[in-house]
Amino acid sequence: MSDSNKKNKTNLPKFNFYWIYGAIFVLLIGFQIFNSGESSSRNITTNKFSEILSSNDIKEIVIVNRSSAQIYLTDEALNKEAYKKYKKTTIFNQRAPIFSYDFGDLQNFENQLSAAKEKYNLSFDQKHIEQTSFMDQIFAFLPFIILIAIWLFFMRRMSGGGAGGAGGGQIFNIGKSKAKLFDKDTKVKTTFKDVAGLEGAKEEVQEIVDFLKNPSKYTSLGGKIPKGALLVGSPGTGKTLLAKAVAGEAGVPFFSLSGSDFVEMFVGVGASRVRDLFKQAQQKSPSIIFIDEIDAIGRARGKNSMTGGNDERENTLNQLLTEMDGFGTDTNVIVLAATNRADVLDKALMRAGRFDRQIYVDLPDINERQAIFEVHIKPLKLADDVNIEFLAQQTPGFSGADIANMCNEAALIAARNNKKSIEHQDFLDAVDRIVGGLEKKNKVITPKEKEAIAFHEAGHATVSWMLEHAAPLVKVTIVPRGQSLGAAWYLPAERMIVQTEQMLDEMCATLGGRAAEKIIFNKISTGALSDLEKVTKQARAMVTVYGLNEEVGNVTYYDSSGNDAFVKPYSEATAKTIDEEISKMIEAQYQRAIDLLETHKEKLTTLAELLLEKEVIFKDDLEKIFGKRPFEKEDKKIEEKSSDVTEETAE
């Protein structure tokens, strides 16, 4: 296309959908004018009509709808002085009625006309017509007008159009892709430097970026460009952030959209958008397509018997499979996708040739958490006492999103207390706020209940301190937070595998709260609900999942495919044995906790009284009462585990 043609095309006015509305309005007005001849006529009384009738000035009487008469005068009458002002009343060169007369009863009116013709020897024409008014016609077509308006509204909404020309121009683009394009004109500022941790995942995607920048380095050896990479991980671990970094580093067109952007109420729209997306990406190849939350369209086919094989989502998935690795797809388009539900994805989508690589984005370990803290504290005003290394140790199981939220919460807490900078304690309060919930200072607790809570939490702390494999205690509190009335916070050891003795020690420490209530008050309460729930799950896992019970044996009833949700994979006799072994295991650890607390009853009481006095106590307070842990060496560094901070609550 020549420059002049391009210029002429550019200067053309943009299509505005309101032009159609304006044209319809003009046509309706014209129709109203054309059919409103009676509106220019003058309504007359009975006496006036009798006068005109007797003077033989009437050329024609048109009876409309059996209720009114339109009166047309002769040319001679129009030349009279009384009627000259009506002579120019024409509509589109047609003579309009001069007068209109509402006569009432039709039979009486016709009798009056017949009598007048005989008496005055009149010869005017007379006819009947049925005529609907403009508003009657509008009301007749009103349902269709409403349906068309509703259809236009939804079409514009689904096509993403706004008011005016923007909406009208996009009304027929419903099958177009909604992907957002990032290229040299819309440069992404996020790079791999902004992604702390995730070293393994960054190494995988960095190779894809390097391939796009320098393909000859790989193709010279016979290598082929990978078709796609699937980012799998828990929510908040940084999958989308990693994709943004790829967009910032690659320097090639980057198409970003969500899996739900393909979903539409009209049949075939999802598949059409997939085709259009890959068509745009191929035109700008080499390029990258990023589909966030791909499980919205990538679920396994045939699992839902209610939808059948012609489900719209399945059609969209079929088109995606074809575009990624169908017949004749050889363009340099790489597909990145992210999901936290890889188990529900279709096997055809997961195979090599479509997603050649599955990159697992795990929760960060202690070193990665420290690096993430370094990123998120850059915009914050910190006090000198903030210890990032300690904060990384205190936040096992936190994802990158959790750490970002914690830093923001610490800033809010400091601002709420009118501080000029964020102190270390503000970060610790932020951890309590995120994990435990909002502190409830106005919660009404009786002194007796408070004493029971203090001994319950002191029981957890005492037993965990005396057991070798129990998690080291961080702090104990009886301040109500969220749904809990008190909590003991631990720092679990980082283990790749867990042995039987370690799980039993953890169960014993969990039951220490109820055991303390039994020893001190000789009563038990409902405050150990979460404790019992936790130990029951642990015991059942030991027996049915990990095969750590001698009676049941080296057998697991765990199905990683998730197909046993409604099937019990063992007999009734085995189920009875499992229930008995779970009960034996829990009762044994409960008795073990009682024996430990009986031995250290005085120290338990001292700890509970200190807890009642201070409400929050830390590891240093326990060392003053119990001394060093009997099995802990002076130079032993506490390791931590990348899992949630353990919370034992008294509800």
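Residue numbers run from 1 in the order of the sequence given.
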Locate the shortest heavy-atom distance separating Pro379 from His376; write the atom from each residue and the value. CD-O, 3.4 Å
Would you name the heavy atoms of Ala430 and Ala410 that are closest together and state the gap between them? CB-N, 3.8 Å
Any side-chain heavy atom of Gln70 within less than 4.5 Å of one from Val64? yes
Rounded to the nearest 0.5 Å, what separation is found between the CG atom of Leu122 and the CG atom of Asn56? 5.0 Å
Under a 3.5 Å threshold, yes or no: a donor from one side chain and an acceptor from the other, between Asn47 and Thr45? no
Can you name the nearest heavy-atom pair linking Ala296 to Gly259, along with the distance? CB-C, 3.8 Å
Dump the intermediate steps for side chain to side chain contact (heavy atoms under 4.5 Å, CB included) on Leu336 and Ile288, then the final yes or no. CA-CA 7 Å; Leu336 286 179; Ile288 298 176; 4.1 Å; yes
Just so I know, are the side chains of Leu345 and Arg299 near enough to count as touching, which here means a heavy-atom distance under 4.5 Å? no
Spacing of Arg354 atom CZ and Leu321 atom CG [to the nearest 0.5 Å]: 4.5 Å
Do Asp402 and Ser399 have side-chain atoms, one donor and one acceptor, less than 3.5 Å apart? yes
Is the closest basic N to carboxylate O distance between Arg341 and Glu293 below 4.0 Å? no
So, do Ile71 and Ser100 sit near enough that their side-chain heavy atoms are less than 4.5 Å apart? no
Start with the C-alpha gap between Ile289 and Ile291, add the side-chain angles, then the distance that decides, and say whether side chain to side chain contact (heavy atoms under 4.5 Å, CB included) holds. CA-CA 7 Å; Ile289 294 174; Ile291 305 175; 4.0 Å; yes
Would you confirm whether Asn408, through its side chain, and Asn405, through its main-chain N or O, come within 3.5 Å as a donor-acceptor pair? no
Non-hydrogen atoms of Ala69 and Phe103 that approach each other most closely: N-CE2, 3.7 Å
Side-chain contact test, heavy atoms from C-beta onward, threshold under 4.5 Å: evaluate it for Ile63 versus Lys127 and give yes or no. no
Please report the shortest heavy-atom distance between Asp102 and Ser68, naming the atom on each side. OD1-CB, 3.2 Å
Side chain to side chain contact (heavy atoms under 4.5 Å, CB included) assessment of Phe355 paired with Ile294: CA-CA 12 Å; Phe355 286 113; Ile294 195 174; 3.8 Å; yes
Mind checking the NZ-CD1 spacing from Lys227 to Ile334? Nearest 0.5 Å is all I need. 11.0 Å
Heavy-atom donor-acceptor pair, Asp356 side chain to Ala352 backbone, under 3.5 Å: no
Between Phe124 and Lys117, is there a cation-pi geometry (under 6.0 Å to ring centre, at most 45° from the normal)? yes
Between Ser55 (side chain) and Ile52 (backbone), is there a donor-acceptor pair under 3.5 Å? yes
Donor-acceptor under 3.5 Å (Thr316 side chain, Ile297 main chain): no
Leu53 side, atom CG; Glu51 side, atom CD - distance, nearest 0.5 Å: 11.0 Å
OG1/Thr339 to CG/Asp295 distance, rounded to the nearest 0.5 angstrom? 3.5 Å
So Glu409 and Arg433, do their side chains get closer than 4.5 Å, heavy atoms only? yes
Of all the heavy-atom pairs spanning Asp346 and Ala300, show the shortest one and how long it is. OD2-CA, 3.5 Å
To the nearest 0.5 angstrom, please state how far the CD atom of Glu314 sits from the CG atom of Leu320. 13.5 Å
Donor-acceptor pair between Asp292 and Thr240 side chains, under 3.5 angstrom: yes
Answer yes or no: is there a donor N or O on one side and an acceptor on the other, between the side chain of Thr237 and the main chain of Gly233, under 3.5 Å? no
Residues Glu207 and Arg357 bridged, charged N to O under 4.0 Å: yes
Would you check if Thr74 and Ile58 make a side-chain contact, meaning some heavy-atom pair closer than 4.5 Å? no
How about Leu317 and Gln319: do any of their side-chain heavy atoms sit closer than 4.5 Å? no
Aromatic plane relationship, Tyr101 with Phe109 - under 30° parallel, 30 to 60° tilted, over 60° perpendicular: tilted
Asn340 side chain to Ser234 side chain, donor-acceptor N/O pair below 3.5 angstrom: no
Take Gln206 and Asp210 through the side-chain hydrogen bond (donor to acceptor under 3.5 Å, both in side chains) test and state the conclusion after the steps. CA-CA 6 Å; Gln206 231 165 356; Asp210 190 33; over 6 Å; no
Chi angles and distances behind the side chain to side chain contact (heavy atoms under 4.5 Å, CB included) call for Lys284, Phe255: CA-CA 10 Å; Lys284 294 181 176 291; Phe255 296 85; 3.9 Å; yes
Check: Phe49 and Gln112 side chains under 4.5 Å, non-hydrogen atoms: yes
